[in-house]
Amino acid sequence: MALIRKINQGLLLLVILTLCLVLYNKFHNTPLYEDVSAEEPDFETPHSSVHTVEESRADAAEGLIPIIICATENRMGGTIATINSIYKNTKAKVFFYIITLRDSLSHLSKWIESTELKDIQYKIMEFNPAILEGKVRPDSARPELLQPLNFVRYFIPYLIRDHEKVIYLDDDIIIQGDIQELYNIVLSPGHAAAFSTDCDLTSTHEMVRSMGMQTTYMGHLDYRKATVRALGINPTTCSFNVGVFIANVTEWKRQRITKQLEKWLVANVEENLYSSALGEGVVTPPMLIVFHEKHTVLNPLWHIRHLGWSPDARYSEHFLTEAKLLHWNGRFKPWDYPTAHMEFWERWYLPDPTGQFRLMRPNV
């Protein structure tokens with residue numbers, strides 16, 4: 001009887017504690033469990049432990065413009081120049097989420113802390129390439145496009161949880177306008193992202209055609225494959241560039257965008273639906289599919305691209321001066337040689353204090 005009495009007392013205490021917890025949460029408006037998105041990964045996470053530099057100096061506070069940018073070891077000078085151009089051309093509060101791999105953590109932090117960028121608000125995060133295991137088809141046409149950090153843009157909600165809206169930028173970009181203006185662009189209802197289309201500037205059409213650049217879905221997807229044709233997308237539909245975009249994180253999670261993108265990565269592994277020989281690599285096609293007719297269009301001046309397509313790709317100086325954003329997408333990067341319009345990029349470059357990264361220039 002004594003044992004039964006003790007059991008009953010224990011059950012009564014448990015009921016009382018549960019009731020107290022329910023009442024507490026009811027009056028404090030606190031959920032009994034953490035609301036985890038249905039899009040949470042069920043295996044590897046996109047980043048391992050978060051490596052934070054001077055985290056106490058600035059956290060993801062309200063009023064900040066969050067920007068995601070990657071830092072690859074052999075392209076790190078590009079990342080530094082992009083960040084510097086943003087920092088120097090705005091009075092807005094910007095928070096940089098800089099994603100890199102383990103072997104670049106120390107180099108990146110030294111470069112920032114040893115230059116005039118030491119006052120920026122930022123967080124360095126290590127990307128976990130294991131998230132891509134079995135999802136990326138080996139491709140020898142342009143192996144540099146299979147670099148793990150190229151796929152960071154797929155996993156935005158897992159990297160940034162405290163913001164409703166974020167800007168993603170490639171590392172071969174210079175911002176000449178105020179980033180606040182780009183951030184203020186309003187996405188249409190139901191849209192998880194905003195991109196610039198490849199047919200938006202008529203003044204560049206002649207140059208684009210002369211360089212043989214791909215501006216339609218046909219240039220990115222293999223329409224000989226039944227799976228591609230079954231999408232019902234007209235092959236002449238204008239494509240868009242995924243190196244610059246604004247993301248609505250809430251809508252991204254609601255539509256399970258990451259899961260959709262991963263699905264098309266796996267489909268390519270199984271069926272070879274696209275390759276880096278087409279368009280600009282294997283990162284773009286899944287986004288073209290998932291965001292087809294489901295994205296807001298950016299102001300064309302906020303993405304003047306193709307500067308890296310050929311060293312002979314020349315725009316007028318006036319046109320480039322008026323542009324808000326310049327993008328050296330293509331093989332000919334502004335830190336390499338030969339390249340086009342390097343003077344527009346070099347003014348924002350900060351030399352590597354460790355001496356590991358050096359510009360490729362003639363007679364140097």
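Numbering starts at 1 and runs along the sequence shown. What you see below is based on every heavy atom in this structure, not just the backbone, and it leaves out hydrogens, waters and symmetry mates.
- In this structure, OG1 in Thr79 is found 5.0 Å from CD1 in Ile69, a value given to the nearest 0.5 Å.
- For Ile173 against Gly243, the heavy-atom pair with the smallest separation is CD1-O, 3.7 Å.
- Under the 4.5 Å side-chain criterion, counting only non-hydrogen atoms from C-beta, Arg102 is in contact with Glu126.
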Fill in: Check against side chain to side chain contact (heavy atoms under 4.5 Å, CB included), Leu169 and Leu325
CA-CA 10 Å; Leu169 298 174; Leu325 182 152; 4.2 Å; yes

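- A 4.5 Å side-chain heavy-atom check between Cys70 and Thr100 finds every atom pair outside the cut-off.
- Residues Ile289 and Tyr217 come closest through the heavy atom pair N-CE2, 4.5 Å.
- Side chains of Asn248 and His191: no donor on one and acceptor on the other come within 3.5 Å.
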Practice prompt. Start with the C-alpha gap between Tyr168 and Arg153, add the side-chain angles, then the distance that decides, and say whether side chain to side chain donor-acceptor pair (under 3.5 Å) holds.
Written response: CA-CA 7 Å; Tyr168 174 89; Arg153 70 199 84 198; 3.3 Å; yes

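- Hydrophobic cluster membership differs between Phe332 and Leu320, with clusters built from Ile, Leu, Val, Met, Phe, Trp and Tyr side chains linked at under 4.5 angstrom.
- Checked by atom type and distance alone, the side chain of Asn89 pairs as donor or acceptor with a backbone atom of Ser85 at under 3.5 Å.
- Between Met76 and Leu108, some side-chain heavy-atom pair lies under the 4.5 Å cut-off.
- Under a cut-off of 6.0 angstrom, the local environment of CZ in Arg358 is sparse, with at most 12 non-hydrogen atoms contributed by other residues, nucleotides or ligands.
- A salt bridge does not link Glu113 to Lys118: none of the charged side-chain nitrogens sits closer than 4.0 Å to a carboxylate oxygen.
- The closest side-chain heavy-atom distance from Trp335 to Met342 is not below 4.5 Å.
- In this structure a side-chain-to-backbone donor-acceptor pair under 3.5 Å is present from Lys135 to Ile131.
- Cluster membership check: Val266 does not share its hydrophobic cluster with Leu261, using side-chain heavy-atom separations under 4.5 Å among Ile, Leu, Val, Met, Phe, Trp and Tyr.
- Put simply, Ile175 and Leu117 are part of the same group of oily side chains (I, L, V, M, F, W, Y) that touch within less than 4.5 Å, one to the next.
- By the 4.5 Å heavy-atom criterion applied to side chains, Ile67 and Ile86 are counted as neighbours.
- Listed for the Thr215 side chain is no donor-acceptor partner under 3.5 Å among the backbone atoms of Cys199.
- The closest donor-acceptor contact from the side chain of Lys225 to the backbone of Asn272 lies under 3.5 Å.
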Discussion item. Between Thr82 and Asp171, is the side chain to side chain donor-acceptor pair (under 3.5 Å) condition met? List the steps.
Written reply: CA-CA 6 Å; Thr82 302; Asp171 59 7; over 6 Å; no

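- A donor-acceptor contact shorter than 3.5 Å links the side chain of Tyr154 to the backbone of Val283.
- Side-chain contact between Phe245 and Phe240 is absent, with no heavy atoms from C-beta onward closer than 4.5 Å.
- At a threshold of 4.5 Å between non-hydrogen side-chain atoms, the residues His341 and Pro334 do not count as touching.
- Annotation: the span from Arg361 atom CZ to Tyr337 atom OH amounts to 9.0 Å, rounded to 0.5 Å.
- Taken from CZ in Phe96 to NZ in Lys123, the straight-line distance is 15.0 Å, to the nearest 0.5 Å.
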Practice prompt. Would you sort out whether Ile233 and Tyr223 count as a side chain to side chain contact (heavy atoms under 4.5 Å, CB included), showing the intermediate values?
Written response: CA-CA 10 Å; Ile233 301 174; Tyr223 274 83; 3.9 Å; yes

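- Minimum heavy-atom separation, Ile304 to Ala323: CG1-CB, 3.4 Å.
- In this structure, the side chain of Arg305 does not engage the main chain of Leu326 through any donor-acceptor pair within 3.5 Å.
- A side-chain N or O of Ser104 and one of Glu73 form a donor-acceptor pair less than 3.5 Å apart.
- Atom NZ of Lys253 is separated from atom CD1 of Ile257 by 13.0 Å, given to the nearest 0.5 angstrom.
- The shortest heavy-atom contact between Lys110 and Ser114 is O-OG, 2.8 Å.
- By the 4.0 Å N-to-carboxylate-O rule, Glu251 lies too far from Lys165 to be salt-bridged with it.
- If you check the side chains of Thr72 and Asn74, you find no donor sitting under 3.5 Å from an acceptor.
- Between Lys91 and Asp178, none of the side-chain N atoms (NZ, or NE/NH1/NH2) sits under 4.0 Å from a carboxylate O, so this pair counts as no salt bridge.
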Practice prompt. For side chain to side chain contact (heavy atoms under 4.5 Å, CB included), just list the numbers for Leu101 and Phe127, CA-CA rounded to whole Å, side-chain angles, deciding distance to a tenth of an Å, and then say yes or no.
Written response: CA-CA 6 Å; Leu101 299 178; Phe127 186 67; 4.2 Å; yes

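- Ala194 and Leu298 make their closest contact through CB-CD2, 3.7 Å (heavy atoms, listed as atom of the first residue, atom of the second, distance).
- Within the 4.5 Å cutoff, side-chain heavy atoms of Ile68 are placed close to those of Ile160.
- Between the side chain of Tyr122 and the backbone N or O of Ile98 there is no donor-acceptor pair closer than 3.5 Å.
- Val290 and Val269 are not part of a single hydrophobic cluster, where members link through side-chain heavy atoms under 4.5 Å apart.
- Evaluation of the side chain to side chain contact (heavy atoms under 4.5 Å, CB included) rule for Val136 yields Leu132, Leu146, Phe151 as partners, not counting sequence neighbours.
- If you look at Phe155 and Trp252, their ring centroids are not closer than 6.0 Å.
- For Trp348 (side chain) and Lys88 (main-chain N/O), no donor-acceptor pair under 3.5 Å exists by modelled atom type.
- Taken together through direct or relayed side-chain contacts under 4.5 Å among Ile, Leu, Val, Met, Phe, Trp and Tyr, Trp302 and Ile83 form part of one hydrophobic cluster.
- The aromatic rings of His327 and His303 lie parallel to each other, with less than 30° between the two planes, well short of the 60° mark.
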Item to complete: Give the C-alpha distance, both sets of side-chain angles, the deciding distance and a yes or no for side chain to side chain contact (heavy atoms under 4.5 Å, CB included) between His220 and Tyr274.
Response: CA-CA 7 Å; His220 296 271; Tyr274 38 84; over 6 Å; no

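- Atoms CG and CZ, from Asn241 and Phe195 in turn, are 9.5 Å apart once rounded to the nearest 0.5 Å.
- In this pair, His306 and Trp309 present their aromatic rings perpendicular. The plane angle is above 60°, beyond the 30 to 60° band.
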Worksheet item: After noting the C-alpha distance and the side-chain angles of Trp345 and Tyr349, does the key distance pass the ring pair (Phe, Tyr, Trp, His ring centres under 6.0 Å) rule?
Response: CA-CA 7 Å; Trp345 182 86; Tyr349 174 70; 5.2 Å; yes

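- A salt bridge between Arg331 and Asp336 is absent, with no side-chain N of the basic residue lying under 4.0 Å from a carboxylate O of the acidic one.
- Proximity of a side-chain donor or acceptor of Thr339 to a complementary backbone N or O of Lys333 within less than 3.5 Å is detected.
- In terms of heavy atoms, Ala340 sits closest to Leu307 at CB-O, 3.7 Å.
- Below 30°, between 30° and 60°, or above 60°: for Trp111 and Phe357 the angle between ring planes is between 30° and 60°, a tilted geometry.
- Ile185 CD1 to Thr296 OG1: the interatomic distance, rounded to the nearest 0.5 Å, is 9.5 Å.
- With hydrogens and angles ignored, the 3.5 Å screen pairs no side-chain donor or acceptor of Gln255 with any backbone N or O of Thr250.
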